[in-house]
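Here is the structure we will look at, set down as structure tokens.
In the text below, chain A, chain B and the rest are named by the order of the sequence lines, each starting its count at 1. Because only heavy atoms are used, hydrogens play no part in the values below, and waters and symmetry mates are left out as well, while side chains stay in.
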Amino acid sequence: MIDDESTIAALRLAAGRDPVPAHVVISARRAHALRAPGAVVAERVGAAAPGGVRLGCGPRLLRFAAAGLAVDVEIVTSDGLVDLAGQVTPNPGAGSRVEIRTLHVNQTRELSESGQFAAAGLPPGWFSIVCHRSAGPPIATSWARIRA
Amino acid sequence: MSAPDPWPPHRDILTDPDAPALPPATPSEPSTAPAVLVREAADGDHSAWCLLVERFGPAMWATARSYGLSGADADDAVQAAWLRLVESLHAIRDPRGIGGWLVTTTRRETLRLARERRDVQPSHEPADLIPDPACEDAATAVLDADRGNRLWLAVESMEEPCRTLLRLIATAPESGTHQLAVRLGMPRGSVGPTRGRCLRRLRTLVSAEETLH
């Protein structure tokens, strides 16, 4: 055992008094469908604003980058739902689209000429954006969490 | 005439001479090894993925809850760990250590959430926790029911206040320092140091006992 918390975890697990809730098991099973085989993972990098920091009531800005491509996402939450507006730079070319994935819904958007996309009314929680390019493997942003 | 009982009485297959024999080992048995499940899940086999969830989900949940996270936050931390696995399913270098990887990743996500919430003081920074497939975590080790029983037998063999304190923090994680102090009849300032001392003592007892097995 490595530390206090893992000892407590072991005690809790062995006591069997706090089983995994059914909805947690269902989400875990559902995650498998969110594989993006062959995709290059774009990790979070410093954005125009500090990545992941909530700017009061204003938008939250995240930047992901891989393979010479950046995905910037602006997140606004209102009434418990999430609106996303994003841009892929440079625009990967005609016919490219993005898939906005959550554990509950997936939405696909064609990129505008300037590489922009938007989606509204998403549930809070974990999301990832996959950019399907006309040439080259898809780029998948690492999973990030949006709080309501 | 009554309908046949759909749930016949449980028979202990090890001691009951009339109980049906254990099925013979089949060639498909090795497919339950975690490393094989990881490979099958990476190739799109959903049932293999569900077996991973069934096998390691409880240790991940217990890990997130051991830091005192609420149910909703523990849910987020566990989800995060599964999503990290989805992301790196094809890149896991040593799938034999997948249990330790999942538990360590859950800890990292738990600490990240705890830091965001600022209502739990993490004892490590997330950066300190690099998933190490070679390191067997306590929570995955205890998946073996026998080791779980030995852990609790060790608790029961301890003197007060350790016995009661460990029972409380393991079964009622929402108990705050104040409640623990009242239940144990000790000053609030003594709860933290006593907790640390009791957990260290428990680890010593268990490791001493394990060397005998």
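Using a 4.5 Å cut-off between heavy atoms, B:Arg167 does not touch chain A at all. Within the 4.5 angstrom heavy-atom criterion, atoms from both the backbone and the side chain of A:Ser142 approach chain B. For A:Arg17, the part sitting under 4.5 Å from any heavy atom of chain B is the side chain, from C-beta outward, and nothing else. Only the side chain of A:Val41 comes within contact range of chain B, with at least one heavy atom under 4.5 Å from a heavy atom of that chain. Looking at A:Ala140, there are no atoms closer than 4.5 Å to chain B (heavy atoms on both sides), in backbone or side chain. B:Ala64 does not touch chain A: none of its heavy atoms, backbone or side chain, sits under 4.5 Å away. Only the side chain of B:Leu89 comes within less than 4.5 Å of a heavy atom in chain A; its backbone stays farther off.
Put simply, CZ on A:Phe64 and OG on A:Ser128 are 7.5 Å apart, with the number rounded to the nearest 0.5 Å.
Taking a 6.0 Å sphere around CZ of A:Arg145, one finds it holds more than 12 heavy atoms contributed by other residues, nucleotides or ligands.
With hydrogens and angles left out, the side-chain atoms of B:Arg107 and B:Thr63 include no donor and acceptor closer than 3.5 Å. With 3.5 Å as the limit, one finds a donor-acceptor pair spanning the side chains of A:Gln116 and A:Ser114.
Of the listed residues (B:Val78, B:Asp75, B:Asp76), the one with the most heavy-atom contacts under 4.5 Å to chain A is B:Asp76. Of the residues considered (A:His23, A:Arg29, A:His32, A:Arg30), A:His32 shows the highest number of contacts with chain B, using heavy-atom pairs under 4.5 Å.
A ring-centre distance under 6.0 Å is found for B:Trp49 and B:Trp82.
Put simply, the residue from A:Asn91, A:Val88, A:Thr89 that forms a side chain to side chain contact (heavy atoms under 4.5 Å, CB included) with A:Leu69 is A:Val88.
A salt bridge does not link B:Asp43 with A:Arg35: none of the charged nitrogens is closer than 4.0 Å to a carboxylate oxygen.
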